[in-house]
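Labels below follow one simple rule: chain letters A, B, ... track the order of the sequence lines, proteins then strands, and each chain is numbered from 1.
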Protein chains: 2
Amino acid sequence: MSVIRTARERARDEVTAAIKEEARRQLADEGASRLSLRAVARELGMVSSALYRYFPSRDELLTALIVDAYDAVGAAAEEALARSGGTDPVERWSEVCRAVRRWALGHPHEYALIYGSPVPGYSAPLDTIGPASRVGLALIAVAEEADTAGALAVPPPDVPLSEAAHADAWRLSKDLDRNLPPRALPSLVAAWAQLFGLVSFEVFGQFNNVVEARDDFFDHAVTGLAHQAGLRRGRVLHGE
Amino acid sequence: MSVIRTARERARDEVTAAIKEEARRQLADEGASRLSLRAVARELGMVSSALYRYFPSRDELLTALIVDAYDAVGAAAEEALARSGGTDPVERWSEVCRAVRRWALGHPHEYALIYGSPVPGYSAPLDTIGPASRVGLALIAVAEEADTAGALAVPPPDVPLSEAAHADAWRLSKDLDRNLPPRALPSLVAAWAQLFGLVSFEVFGQFNNVVEARDDFFDHAVTGLAHQAGLRRGRVLHGE
DNA sequence: CCATGGCAAGAGCACTGCTCTCGTTCTTGG
DNA sequence: CCAAGAACGAGAGCAGTGCTCTTGCCATGG
């Protein structure tokens, strides 16, 4: 309750951070499956049982790392969004996508932790649903600004959306509370998922012996994604 | 060398198959990280060390399961391809994609094994590169037949392809040895990767609380993918 | 000042992947 | 046909894991 943090609380936070830091180091070195609580404790000069005062189980530690990873990739996307303000919507979309890809290639094991097989249980813990949506929200922000600038085409899809899918989009639009026509959402959500298909295939090695010029290929694919999401070229005025 | 199979060889093949079967059962129950050699051996009534006569390590067992999984999803795609012969290219494309999705939803852990984080080493073993390409080849076959029927548009991409990406497509086209214009390949490869983005997000739970009408959503997204790959509607004559 | 409660340490349990050895059984070349 | 040798199953054992329980220390709050 108090704002004053006792020495004990400060120490606890420091140790918690040190554990996560060391765990992240081992994650980057060996991958999630080889992350060992005992090894983390050993590296930190403590005994393994002491570590259970900070994380009740190995899965809880992993969950904490998952939340951090979602936050990191979300922050990268948001930073790209902010840095690209006032430019062409398609270019902005590409910048956000490039930021996600760059983060993923720089942190492959952390990426695998969140967008690969979910390691701990089978369904994602509740703590992750917030941070997990940050990249999606950044993409939505691009579309939203494009829409107010008249650079968002919401084409009638070639297969008309079913009633159920329509209801989905409407509900999601209400949940999001953004100035975006619900009809724009299905394509946007699809593009969001497809972006991670591109990134995952590259990070997980499916492009080996298939795609060599990966930067160029990604740029090309992501431009296609922007079009599929309804974004069109056109300058967006700064501010409004 | 001999075609005659000794009793020992037959027994060996049977035990090998039984091990893989039991391992696949445990995989479906618990996931790859909880698959235990000892548990497999126990269930089969043998001692754990005996199992090492058949698979030199746990990772080798997993690799065998990976190859089988690639073969299974590839077979599902090829079967959908064969069954949809002579229909509209876009519909055919969708059928192949639907088959992949259906297999993935029916075998989530095996799907995670091949398209989630690569569990064993970090780069895929050599045995997997062949089976891994079967789905991609099925998609290429759809595009190829659409092309000969004049239903494949190879639009100049909005960002012109770089020289390196062009060279990539040319090399890949030569490797594939198909009647497909190299310019069609980048979009096709991108659509291939993006398809697995859609499937992965659904299997791994990223669509929870986002997409509810998943069948309809998938059909919609996959139609967009077909367009992005250059496929256009139009009847394809049977045979030629 | 003293009792409570957070903390590190250690022992220990049940489990894992993997190795090595020891008989046994099947295969095959002379 | 039989002996050499390969393949095989069983068992013990090693080092490692996640996790629990107990013990004792020491800072903190009443």
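At whole-Å resolution of the value, CD in A:Glu9 and P in D:dA27 are 17 Å apart. B:Glu43 places its CD atom 12 Å from the P atom of C:dT16, with the value rounded to the nearest Å. Distance CG (B:Leu35) to P (D:dT17): 20 Å, rounded to an integer number of Å. Between B:Leu51 atom CG and D:dG11 atom P the separation is 15 Å, expressed in whole Å. Rounded to an integer number of Å, the gap from A:Glu60 CD to D:dG18 C1' is 14 Å. As rounded to whole Å, 14 Å separates atom C1' of D:dT17 from atom CG of A:Leu62. Counting to the nearest Å, the P atom of D:dC14 and the OH atom of B:Tyr52 are 17 Å from each other. Remark: C1' of C:dG17 and CZ of A:Arg34 are 11 Å apart, rounded to the nearest angstrom.
Using a 4.0 Å heavy-atom criterion, one finds that B:Ser48 contacts the bases of the nucleic acid, with or without backbone contacts as well. Within the 4.0 angstrom heavy-atom criterion, no nucleotide atom of any strand lies near A:Leu44. If you check every strand for non-hydrogen atoms under 4.0 Å, B:Ala11 touches nothing. If you check every strand for non-hydrogen atoms under 4.0 Å, A:Leu61 touches nothing.
A sub-4.0 Å separation between OP1 or OP2 of C:dA9 and a side-chain N or O of A:Ser49 is absent. Here A:Arg42 reaches the OP1 or OP2 of D:dT17: one of its side-chain N or O atoms lies under 4.0 Å away. Within the 4.0 Å cut-off from OP1 or OP2 of C:dG17, at least one side-chain nitrogen or oxygen of B:Ser36 is found. For A:Arg12, a side-chain nitrogen or oxygen approaches OP1 or OP2 of C:dC7 to under 4.0 Å. In this structure, B:Arg38 does not reach the C:dC15 phosphate: none of its side-chain N or O atoms is under 4.0 Å from OP1 or OP2. Residue B:Tyr54 places at least one side-chain N or O under 4.0 Å from the OP1 or OP2 atom of D:dG9.
Side-chain atoms of A:Leu37 lie closest to D:dG18 of the nucleotides C:dC7, C:dT16, D:dG18. Checked against C:dT16, D:dC19, D:dG11, the side chain of B:Val47 finds its nearest nucleotide in D:dG11. For B:Thr6, the side-chain atoms get nearest to C:dT28 when compared with the rest of C:dT16, C:dT28, D:dC8. For A:Arg53, whose side chain is taken as the heavy atoms from C-beta onward, the closest listed nucleotide among D:dG18, D:dG11, D:dT22 is D:dT22. Here the side chain of A:Arg58 is nearest to one of D:dG9, D:dC19, C:dT19, namely D:dC19.
In this model, a side-chain donor or acceptor of B:Arg8 finds a partner on the base of C:dT25 within 3.5 Å.
Between A:Tyr115 and B:Phe201, the ring-plane angle classifies as parallel under the 30° and 60° cut-offs.
Here the two rings, on B:Phe196 and A:Phe196, have centers that are 6.0 Å apart or farther.
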Practice task
Evaluate side chain to side chain contact (heavy atoms under 4.5 Å, CB included) for A:Trp103 paired with A:Tyr111, printing each intermediate quantity in order.
Solution key: CA-CA 8 Å; A:Trp103 185 91; A:Tyr111 179 85; 4.1 Å; yes
Practice task
Report the C-alpha separation of B:Phe218 and B:Arg98 in whole Å, then their side-chain angles, then the decisive distance to 0.1 Å, and conclude whether the side chain to side chain contact (heavy atoms under 4.5 Å, CB included) test is met.
Solution key: CA-CA 8 Å; B:Phe218 185 79; B:Arg98 272 192 279 260; 4.2 Å; yes
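For CG of B:Asn209, the number of neighbouring non-hydrogen atoms (other residues, nucleotides, ligands) closer than 6.0 Å is 12 at most.
B:Asp168 contributes a side-chain N or O that, together with a main-chain N or O of A:Ala213, makes up a donor-acceptor pair within less than 3.5 Å.
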